[in-house]
Structures are given as C-alpha cells and as structure tokens.
Amino acid sequence: MKHTIQALVENKFGVLARVASLFSARGYNISSLAVGETQDPTISCMTIVVSAEDERILEQIKKQLHKLIDVITVIDFTRRDHIDRELLLAKVVKTKESKATIDKLIKAYDLKLTEETGGYCIIEVSAEHHKIKEVLQSLKKFELKELVRTGRIAISK
Amino acid sequence: MKGAKILIESLLKEGVEVIFGYPGGSVIPLFDSLYDSPIKLIVPRHEQAGAHMADGYARSTGKVGVCLATSGPGATNLTTGIATAHMDSVSMVAITGQVKNSLIGNDAFQEADVTGITRSISKHNYLVKDVKDLAYTIKEAFYLASSGRPGPVVIDLPVDVQMQDAKFDYFDKIEIRSYRPSHFGHAGQIKKILKLIYSAKKPVLITGGGIIISGANQELLRFAEKTNIPVTTTFMGLGGFPSTHKLALGMPGMHGTVYANMAITESDLLISVGSRFDDRVTGKLSEFAPKAKIVHIDIDPTSISKNINVDIPVVGDAKTVLEQLIEELDESKLSNLDSWHKNIETWKKKNPLKYSQEKTGKIKPQYVIEEIYNQTKGGAIIVTEVGQHQMWAAQFYKYDYPRSFLSSGGLGTMGYGFPAAIGAKIANSNKEVIVIAGDGSIQMNIQELATLSAYNVNIKIIILNNNYLGMVRQWQELFYDRRYSGTPLKNPDFVKVAEGYGIKGIRVKKPSDVKSAVKEILSSKKPVLADFWIEEEENVFPMVPAGEAINRMIGGMA
C-alpha cells in the first residue's frame with residue numbers, strides 16, 4: 001500500500017539526507033519525495049510517498065521521523081481527506097500525422113500546451129496520481145523526446 | 001574572539017572539566033586554545049579509545065563526556081565510540097576538526113563527510129560553517145546530548161572557522177521548536193496502570209538503563225517496596241535496583257537468571273520502566289510474557305511498541321512517572337502477592353546462578369568475579385569489555401548502586417571497557433575502578449596502557465584469559481559442532497606487555513592464589529594488570545539460544 005507522509009522540517013542543509021536515510025536504513029524505497037519552502041522560509045515541507053506492506057514498520061518510521069531534531073511535525077495523509085498533485089512535463093514529437101491526435105488528447109484530459117515549435121510540443125499536466133497514470137498511458141502512442149515528473153505534493157482539506 | 005577560543009569558553013560555560021582529545025592538522029587551533037585553558041586534556045593513544053573514555057566518564061557521572069579528534073581518520077576512528085554511546089543512550093559531545101570550508105567536498109587531504117558518516121549513529125550532528133553559529137551550536141549540542149533520551153551529538157568544525165573572529169555571547173536558554181521531550185506521564189495512563197496493579201496476581205517490574213539515566217533508583221525502590229512487586233533488572237539497568245534486595249530477580253534474558261525468565265513468562269502484568277525490550281531480553285517474541293498485560297514507560301516514543309505490542313504505553317521520564325505512580329498509589333487496594341512470591345522463592349532455590357570451583361585445577365572465572373565482589377563489598381565501579389567475562393561480571397558481582405556497572409550493551413563493542421574505565425576513574429578518583437576483560441577484548445585497545453601510564457590512572461585490569469574469543473567459541477561449541485573457526489587466540493605475554501608500558505603485571509594460574517592475588521591487586525596504589533589463566537572452555541550459563549523462548553534455557557535449569 002502506498003502511503004503519503006508529510007513532514008514539516010527546518011529549512012537547513014542536511015535535513016533531506018537525514019529524512020531519506022531513515023527510509024533507506026530500513027530497506028524502504030521512497031516512491032517519490034518532493035520538497036519545498038512553506039510560507040515560513042525557515043520551514044520546508046517534504047511530501048514522501050512510500051509503499052509499505054508492514055504497517056508496524058511504517059509506524060516506527062513515522063515515530064523515528066518525528067524523533068529527528070529537525071523535524072517539526074509528521075502527518076500521514078493516507079487516511080486523511082486531502083488533495084494531492086503531481087506535475088508531468090512531456091516533450092512530444094509533432095508530425096503532420098500526430099498533430100490531430102495530440103490536440104485530441106490535450107482536449108480530453110484538459111492538458112496544457114506549454115510550448116510549441118516546429119518539431120515538437122511540450123505538454124504539461126498537473127493532476128492527481130491516477131490521472132497522471134492515464135495520461136502516461138495515452139502518451140505511449142507518441143514519440144517522446146523527454147518526459148519528467150515531480151513527486152507528489154499533498155495538502156489536507 | 002577566535003572560533004577555537006569560543007569553543008573552549010563555551011565548554012567552560014557548560015562545566016566541562018576534562019576533554020579526551022587526540023591532536024591533528026585540522027584541530028591545531030583548538031589544541032592551542034586548550035593549552036592555556038583550565039580544562040584537563042587527556043590524550044589517548046587512539047581516537048576510538050578517547051570516545052570510550054568520554055563515554056565512561058559520562059556513564060559514571062551522569063555528566064556529558066567530551067571527546068575531540070581531527071578531521072578524516074581522526075573522526076572516523078571516533079565512530080565506534082559514538083555508535084557505542086548512541087546504542088546505550090550516553091550523553092556525549094564529540095568534536096571533530098574538518099578541512100577548511102572552501103575545501104569541503106573536494107576530497108581534500110584528511111577529509112571525511114563526518115555529518116554523513118555519523119548521521120545514523122548519533123542523536124544529532126552539526127557542520128558549523130560560520131563562526132557566528134558556533135556558541136549557539138555548542139549550547140544546543142550539550143542540551144540535546146543530555147536531555148530527553150540522551151545520546152552523542154557530533155560537532156564538525158572546519159579549521160578556518162576555528163581561526164575566524166566573532167563576538168562571544170553565550171546563551172542561557174535553548175528553544176528548539178521540534179524538540180520537546182515529555183517528562184510527565186499521561187494522567188489517564190497512570191490511573192490505568194494502577195488499576196492493573198491492583199488486580200494483578202503475578203506482577204513483575206522490568207527495569208532498564210532508563211532508571212539509571214533519569215536517576216530514578218530511589219523512586220524505583222520506593223515503588224517496588226510499596227507495591228511488593230519483584231524487580232528484574234536488565235543488563236543496562238544493573239545497579240538501578242539493589243541486586244541484594246529481597247525483591248530483586250536479577251537479570252532477564254539470554255544470560256539472565258532462570259527465576260527472572262520464569263517470572264516474566266508466568267507474569268500477568270509486566271511493567272517495563274526505561275527498558276526497550278531488546279532482543280537479547282525478549283528471546284522469541286511470540287512467547288515473551290504470553291500471559292501478561294504489558295505496560296511500557298519510556299521517554300522515547302520510538303522505543304514503545306517497537307518489538308512487542310504494549311497494552312499501556314506511557315511516554316515520560318522514568319523518575320517522574322514513578323513519582324506520579326507512587327503519588328497516586330492506594331496501598332489498600334493492592335492484592336496479596338504471597339503465593340506469587342512463594343512461587344518465585346521456589347524457582348530461586350531450585351535454579352540459582354551456580355558454578356563449581358572445587359573439583360577443577362583451573363581457575364573458574366566466576367570465582368574471580370565473586371572474590372572481587374567479596375573484597376570490594378560491591379563498592380567498586382566495574383567496567384567490562386564484551387564477551388563471556390562481561391556476562392560473568394553481570395551475573396556474579398552484585399550491583400547495589402547506580403552507575404557502578406559500565407558496559408557496552410547495545411552495540412557490544414569489544415575494546416570499550418578498558419578506555420571507558422580510564423574515563424570513569426578520571427571522573428571518580430576516590431572510587432575503585434576495575435576493568436573485567438577477556439584476552440580478546442583487551443587487545444582491541446591495549447595501546448591505552450600508555451595512557452594509563454602517562455596519567456598514572458589507578459585502575460585495575462583483570463584479564464580472564466582463556467586463550468579464546470570465548471563467547472563466539474561457546475556458540476561454536478553449542479551450535480557449530482565445536483568447529484572453532486577463528487576463535488583460538490595466540491596471546492602475548494600480558495604481564496610483559498604491561499611491564500613494557502611501565503605498569504605492574506601479575507599472573508595468576510592457581511585457584512588457591514585467587515584470593516591473595518585479588519587482595520594484592522586491590523591494595524596497590526598504582527594500576528595493576530592481572531592475567532588470570534582460567535578454565536579454557538568454561539561456558540556462560542544459563543543461556544537462552546538465539547530465537548528461543550526465554551523460559552527454555554540451557555544450563556542452569558534444575
């Protein structure tokens with residue numbers, strides 16, 4: 001099961017490594033990790049997505065996270081009402097043949113066409129995880145020059 | 001004021017009297033400042049030993065131990081000592097020199113990523129990049145090292161910061177928004193515990209290192225006597241409850257007493273105070289205290305429900321929570337525990353800790369320990385290395401006082417005991433400090449005989465010499481068909497080694513000489529190394545094989 005955990009941490013160097021190593025020390029693979037400053041520049045927000053089968057170990061990790069001196073609060077969003085988003089940018093090769101299908105896709109998923117030059121276009125999508133997955137599936141039809149994704153960020157309702 | 005001087009002044013403000021430090025290129029400014037300071041400098045012969053000395057100093061006093069090493073190899077040598085302190089929650093501040101700021105990350109000469117390396121073995125660590133942050137960092141480091149669940153804190157200090165100037169202001173208070181250890185136990189939980197105590201017929205207290213760290217020994221004694229609950233004391237908790245008390249059950253777990261393990265297995269209420277249910281204590285988890293409701297009192301929330309599921313968790317300081325329990329206790333509601341005590345008495349009579357010196361021509365190690373106990377009357381600080389001798393020292397010396405038994409429990413660090421004893425003696429010059437060592441362990445930091453000699457530290461070194469890495473040999477004997485791979489040792493002449501360092505050495509080979517030898521050792525005003533040639537294949541019993549339930553012990557069961 002995937003868990004979305006948010007940690008508010010002191011905005012200092014080395015904090016990210018401390019947090020990440022807590023997971024790696026227990027053999028947990030972090031699916032995604034997104035970090036950014038909050039409205040208070042001394043505090044950063046980390047959103048960590050991790051798959052954990054053993055809830056007890058996850059509980060332990062959350063406690064250990066909380067124990068880190070630089071961690072201010074830890075919230076597990078898994079069972080909380082929240083909104084989450086991921087951002088995807090895809091550079092798609094545009095040909096005369098593919099143009100119509102790309103336009104259709106953009107319309108269908110309400111994607112943003114961020115850049116368009118002769119040979120390719122950049123598609124931007126900010127959505128929740130399952131929609132990103134669908135878009136990814138649809139993009140398989142096209143020739144992709146590049147594809148990048150951010151980690152998930154989440155906010156409670 | 002220069003950074004180096006700021007550091008020394010800050011240490012003085014923190015009440016530091018001794019530093020265990022080894023010089024090197026990246027800490028020359030610090031050593032230069034130390035030269036004129038009232039802080040006593042002890043130079044070990046290896047940084048690892050310096051860290052263990054600071055650890056022994058801290059464990060024996062409750063103060064923060066301070067060690068200092070240069071960058072790169074100096075710092076990496078400290079790491080075993082830092083990890084040892086981390087596992088046993090010892091207050092320590094380790095200061096390491098670092099290459100200058102502009103070179104950090106360049107694979108510079110004697111550079112190591114110390115904050116990276118020590119991240120998982122310290123409570124917290126810092127790289128001080130700006131001299132303006134130095135004084136505050138030191139204040140914070142001492143606060144973190146000694147509060148909540150204590151632990152080692154590392155300060156990595158680039159050499160150029162040591163030479164930069166800043167105004168020296170020291171701070172009175174530390175405010176860390178993310179760090180607020182809770183001392184008081186939740187009132188509702190306290191009530192629930194008492195309710196369980198009132199109805200329990202077979203309660204047991206299991207008390208650990210937390211009792212000693214929080215100074216809760218008097219409260220524990222009062223609580224146990226008021227409730228009449230028997231007390232097992234874990235390895236880390238030895239001395240937290242008097243071993244000679246009638247409620248004392250001794251140590252539980254792998255090499256614990258049969259009666260402690262039987263009591264835990266049969267108990268209907270197990271109250272753990274400042275003990276973290278280490279796997280060496282619990283044995284097979286599914287069969288640990290199967291009939292008991294479990295209460296766990298610990299200042300560290302991560303220790304609670306880590307290994308076993310707990311019925312009543314209480315996050316709080318051992319001393320404070322015990323005070324709360326005593327305060328709320330209504331003695332008239334307590335059940336009669338006579339039949340439980342009778343039960344325990346029978347186990348005690350049937351399965352005492354035992355050995356036999358009579359029939360053998362060789363010295364039994366347990367006899368040496370017992371003799372040391374008899375002659376010191378329990379008043380010494382016993383420091384051990386790691387191995388069989390460590391367990392015999394835990395079993396056959398009786399600890400009635402907190403901070404009288406120092407040993408590497410969590411990490412099991414061979415090489416810990418001898419330097420830790422030096423640290424303990426420097427802090428407790430009026431007390432007898434005795435190291436119990438094995439012939440394997442003592443050689444892990446034997447170079448510290450030079451430190452002993454240089455500072456004339458009057459500790460007594462007892463080597464229980466069986467020409468083996470005895471504990472591993474015991475496992476090989478019992479579980480690997482006596483295939484003694486890597487464990488037989490070809491030892492030096494320890495007496496000559498001691499003499500080479502200018503220390504008196506004696507050798508004892510006969511059981512009939514043990515008494516007089518111990519007397520001679522203890523009456524010496526100078527350090528003595530005593531090499532006791534003991535029965536080679538003596539085993540530590542009772543023993544719970546790894547992964548087995550604690551009531552299925554081998555050796556020592558009637």
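Small disclaimer: the values here were computed from a predicted structure and weren't measured. Heavy atoms only: backbone and side chains are in, while hydrogens, waters and symmetry mates are out. Here is the naming used below: chain letters follow the sequence lines, and residue numbers restart at 1 for every chain.
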Could you look at A:S24 and say if it's the side chain, the backbone, both or neither that has a heavy atom under 4.5 Å from chain B? neither
Looking only at non-hydrogen atoms, find the nearest pair between A:S32 and A:I30 and report the distance. O-CG2, 3.2 Å
Indicate the atoms forming the closest heavy-atom contact of A:V50 with A:N29, along with that distance. CG2-O, 3.7 Å
Please report the shortest heavy-atom distance between B:S26 and B:S71, naming the atom on each side. OG-OG, 2.9 Å
Give, for atom CG of A:L68 and atom NE2 of B:H124, the distance between the pair rounded to the nearest 0.5 Å. 9.0 Å
Hey, mind stepping through A:D103 and A:K99 against salt bridge (charged side-chain N to carboxylate O under 4.0 Å, His left out) and telling me if it holds? CA-CA 6 Å; A:D103 288 345; A:K99 192 181 178 310; 3.0 Å; yes
Counting only non-hydrogen atoms closer than 4.5 Å, can you tell me which residues of residues 129-157 of chain A sit against chain B? none
Sort by residue number and list every residue of residues 126-144 of chain B having at least one heavy atom under 4.5 Å from chain A. B:L127, B:K129, B:L144
A:A17, part contacting chain B, at a heavy-atom distance under 4.5 Å: both
Side-chain donor or acceptor of B:D88 paired with backbone N/O of B:G409 under 3.5 Å: yes
Of all of A:T73, A:V9, A:I43, A:L22, which one pairs up most often with chain B through heavy atoms under 4.5 Å apart? A:I43
Per-residue contact mode, A:R18 against chain B (heavy atom under 4.5 angstrom): both
Any side-chain donor-acceptor pair under 3.5 Å between A:T38 and A:D40? no
Any side-chain to backbone donor/acceptor pair from A:N11 onto A:P41? Under 3.5 Å, distance only. yes
Using only atom types and a distance under 3.5 Å, with no angle test, would you say the side chain of B:T282 pairs donor to acceptor with the backbone of B:L285? no
Please tell me whether B:D156 and B:T96 have a donor and an acceptor in their side chains that are separated by less than 3.5 angstrom. yes
So do the side chains of A:L111 and A:L105 get within less than 4.5 Å of each other, counting heavy atoms only? yes
Could you tell me the separation between the CZ atom of B:R276 and the OG1 atom of B:T302, rounded to the nearest 0.5 Å? 10.0 Å
Side-chain contact test, heavy atoms from C-beta onward, threshold under 4.5 Å: evaluate it for B:L78 versus B:C67 and give yes or no. yes
Any donor-acceptor pair under 3.5 Å linking the side chain of B:H296 with the backbone of B:S275? yes
Heavy-atom contacts under 4.5 Å, residues 173-186 of chain B to chain A: B:I176, B:R177, B:S178, B:Y179
Chain A contact via B:D300 - side chain, backbone, both or neither, heavy atoms under 4.5 Å: side chain
Looking at A:E59 and A:K62, is any side-chain nitrogen of the basic one under 4.0 Å from a carboxylate oxygen of the acidic one? yes
Closest approach of A:H66 to A:I72 (non-hydrogen atoms, all atoms of both residues): NE2-O, 4.0 Å
B:S120, part contacting chain A, at a heavy-atom distance under 4.5 Å: neither
To check you understand the geometry: which heavy-atom pair defines the closest contact between B:I212 and B:M236, and what is its length? CD1-O, 3.6 Å
Are B:L270 and B:F277 packed together at the side-chain level, in the sense that at least one heavy-atom pair is separated by less than 4.5 angstrom? yes
Looking at side-chain heavy atoms only, is the closest gap between A:T47 and A:C45 below 4.5 Å? yes
Checking an interface table here. Which of residues 303-318 of chain B come within a heavy-atom distance under 4.5 Å of chain A? B:I304, B:S305, B:K306, B:N307, B:I308, B:N309
